[in-house]
Amino acid sequence: MSSLSVAGHEVRRLLRDRALPTLLTLLLALAAYAAWNGRAWVEQRNAAIGVIQLEEQHTHDRSRVFVGKAPSVLPRVQPVLPPAAMASVSIGQAEAYPYTADVVALGDRTQLFRNVWADIGNPAARAAGRFDLAFVIVFLLPLVILAASYDLWARERERGIAALVLSQPVAAGRLIAVKALARGAVVLLPAGVILVGAAAWSGAESLAGLGLLSLVILAYGGFWLAVAVLIGCFARRTTEAAIAAGGVWLLIVVMAPSLTLAAVNLAVPPPSQMQLATDVKARLAATARQQTLHRRSASTAVRSSTPVIPDDVREAYADLLATDLDLAPLIESHERAQDARRRVLDNVRLLMPAVAVQDALDRIAGSDADRALAFQDQVHAFWQARRLLHKAYLDRDAPQTLAEYEALPRFRFVEPAGVGRRGVRADLAALLAATLILLIAAGSMRRRLATP
């Protein structure tokens with residue numbers, strides 16, 4: 001009995017099964033809905049960004065009349081993080097991080113992302129997430145693969161024909177490997193075409209992104225085929241194999257991520273945003289009192305010539321800098337705690353295939369934490385640059401001109417180079433390592449295959 005004849009028999013057997021077209025049709029319907037949902041979300045986000053940019057332009061136009069009447073006119077700017085080319089694939093963490101900011105040059109740093117600090121979103125909706133293609137891939141694709149391959153060897157054992165099959169000149173390990181590959185080709189390849197086609201229909205425009213998406217789907221499908229092979233090594237009845245497949249899916253996809261997150265929360269608890277806001281308000285109040293007392297006690301210096309820009313404007317700017325210095329330790333401590341927790345989560349994700357795949361899809365879609373944090377860093381740098389513009393006018397003792405106002409820089413988000421690709425490669429490597437471990441475990445149990 002050749003491997004080709006075994007593969008042909010498995011393919012014909014699956015094609016005759018009425019459950020396979022039903023599974024693929026259901027997957028197509030769910031993928032189409034998820035693609036529509038992702039596309040609608042991207043359109044809503046772009047519409048919201050359009051409104052923000054229009055409001056920013058109106059603010060810029062209205063503020064023009066004040067140029068020359070104040071040392072500087074630096075109107076409120078609202079930087080935005082546009083959806084990436086593959087954003088419709090995975091909404092992921094996009095709603096948990098800010099996509100816009102309020103940059104007020106003479107405001108304090110804590111107000112840059114005040115809308116996020118308010119946390120007006122529904123926490124239940126954030127926890128559940130949206131029904132997107134990433135959800136279909138991470139949660140539903142394994143069920144389709146397991147439904148078609150959970151009984152790789154259990155059916156023969158249950159029907160009592162395992163000994164007859166093994167009497168043929170074929171090794172048990174090679175037999176189950178060929179059966180798994182045949183079923184994977186019949187199920188995984190059409191499923192991958194459906195999912196990638198749905199991603200393209202949803203508006204995913206990057207050919208490189210679609211290629212990475214295909215690799216992630218194939219690697220994740222291969223992992224679940226390896227799970228089916230391992231189940232086939234010890235399951236002696238189809239019901240036993242089905243229960244084992246369902247239990248493994250529940251453990252890997254649902255329970256392991258939840259339990260791991262709970263453990264990380266105990267080991268490295270997330271820093272309290274509310275506590276930070278409370279501490280910042282208290283520090284601001286204390287700093288304001290100190291500055292008021294200092295100003296009352298300090299004597300006014302006598303200047304040889306009257307400056308164009310009054311000294312009280314310079315004093316106000318100096319107070320802003322002093323406030324920044326007072327707030328810096330609080331903010332830096334909070335950010336260090338966030339970074340420490342994020343590093344732990346980044347390392348732990350590689351131990352869980354479902355989480356690694358979700359992370360890879362988030363990175364492909366541009367809804368990952370690294371892109372959001374790059375946006376926040378660029379907003380902070382832009383805010384500091386606006387501050388320095390105001391200082392330049394004070395240093396030269398000449399107000400801003402209309403030409404300088406019109407030449408004010410606008411915020412443009414710069415995509416971080418290579419960060420997403422490196423993360424996807426790490427996720428794929430972790431997934432392949434997990435698959436290899438399962439196959440090694442199955443290989444060590446190949447003697448059980450010869451037991452009817």
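Treat the numbers as computed from the prediction; the structure is a model and nothing was measured.
A distance-only check finds a donor-acceptor pair linking the side chain of Ser444 to the backbone of Ala441 [under 3.5 Å]. With hydrogens and angles ignored, the 3.5 Å screen pairs a side-chain donor or acceptor of Ser367 with a backbone N or O of Ser90. Distance alone, capped at 3.5 Å, is enough to place a donor-acceptor pair between the Arg341 side chain and the Val268 backbone. Tyr220 places a side-chain N or O within donor-acceptor distance of the main-chain N or O of Val138, the cut-off being under 3.5 Å. Checking side-chain atoms of Asn265 against main-chain N and O of Leu261 turns up a donor-acceptor pair under 3.5 Å.
From Leu141, atom CG reaches atom CZ of Phe223 across 12.0 Å, with rounding to the nearest 0.5 Å. Tyr150 OH to Leu152 CG: the interatomic distance, rounded to the nearest 0.5 Å, is 10.5 Å.
Within the structure, salt bridge (Lys or Arg N to Asp or Glu O under 4.0 Å) contacts touching residues 200-229 (residues at least two apart or in different chains) do not occur.
Relative ring orientation between Tyr33 and Phe131 is described as tilted, the plane-to-plane angle lying within the 30° to 60° band.
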(Q) The test is side-chain contact (heavy atoms from CB on, under 4.5 Å); show your working for Arg386 and Leu106 and say whether it passes. (A) CA-CA 8 Å; Arg386 303 282 279 197; Leu106 302 183; over 6 Å; no
Q.
salt bridge (charged side-chain N to carboxylate O under 4.0 Å, His left out) for Asp339 and Arg336? Distances and angles first, verdict last.
A. CA-CA 5 Å; Asp339 291 340; Arg336 283 196 300 269; over 6 Å; no
Q: Apply side-chain contact (heavy atoms from CB on, under 4.5 Å) to Leu225 and Leu181, showing your working.
A: CA-CA 8 Å; Leu225 282 174; Leu181 290 175; 5.8 Å; no
**Q.** Pair Ile252-Trp224, side-chain contact (heavy atoms from CB on, under 4.5 Å): steps then yes or no
**A.** CA-CA 10 Å; Ile252 293 177; Trp224 286 103; 4.0 Å; yes
Q. Step by step, would you call Glu56 with Thr59 a side-chain contact (heavy atoms from CB on, under 4.5 Å)?
A. CA-CA 5 Å; Glu56 180 183 317; Thr59 302; 5.6 Å; no
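Listed by chain and number, the residues in a side chain to side chain donor-acceptor pair (under 3.5 Å) with Lys391 are Asp395 (sequence neighbours excluded).
Residues Ile231 and Ala244 approach most closely at CD1-C, 4.0 Å, considering heavy atoms. Residues Ala148 and Arg183 share a closest heavy-atom pair of O-NH1, 3.0 Å. Nearest heavy atom pair, residue Val42 against residue Ala87, reads CG2-CB, 3.9 Å. Shown here for Ala219 and Leu432, the closest heavy-atom pair between the two residues is CB-CD2, 4.4 Å. Pairing each heavy atom of Trp383 with each of Ala105, the nearest pair is NE1-O, 3.7 Å. Taking both residues in full, the closest heavy atoms of Arg371 and Glu415 are given as NH2-OE2, 2.7 Å, listed atom of the first, atom of the second, then distance.
Atom CG of Leu207 has 12 or fewer neighbouring heavy atoms from other residues, nucleotides or ligands inside a 6.0 Å radius.
Looking at heavy atoms from C-beta onward, Tyr405 lies in side-chain contact with Pro75 at the 4.5 angstrom threshold.
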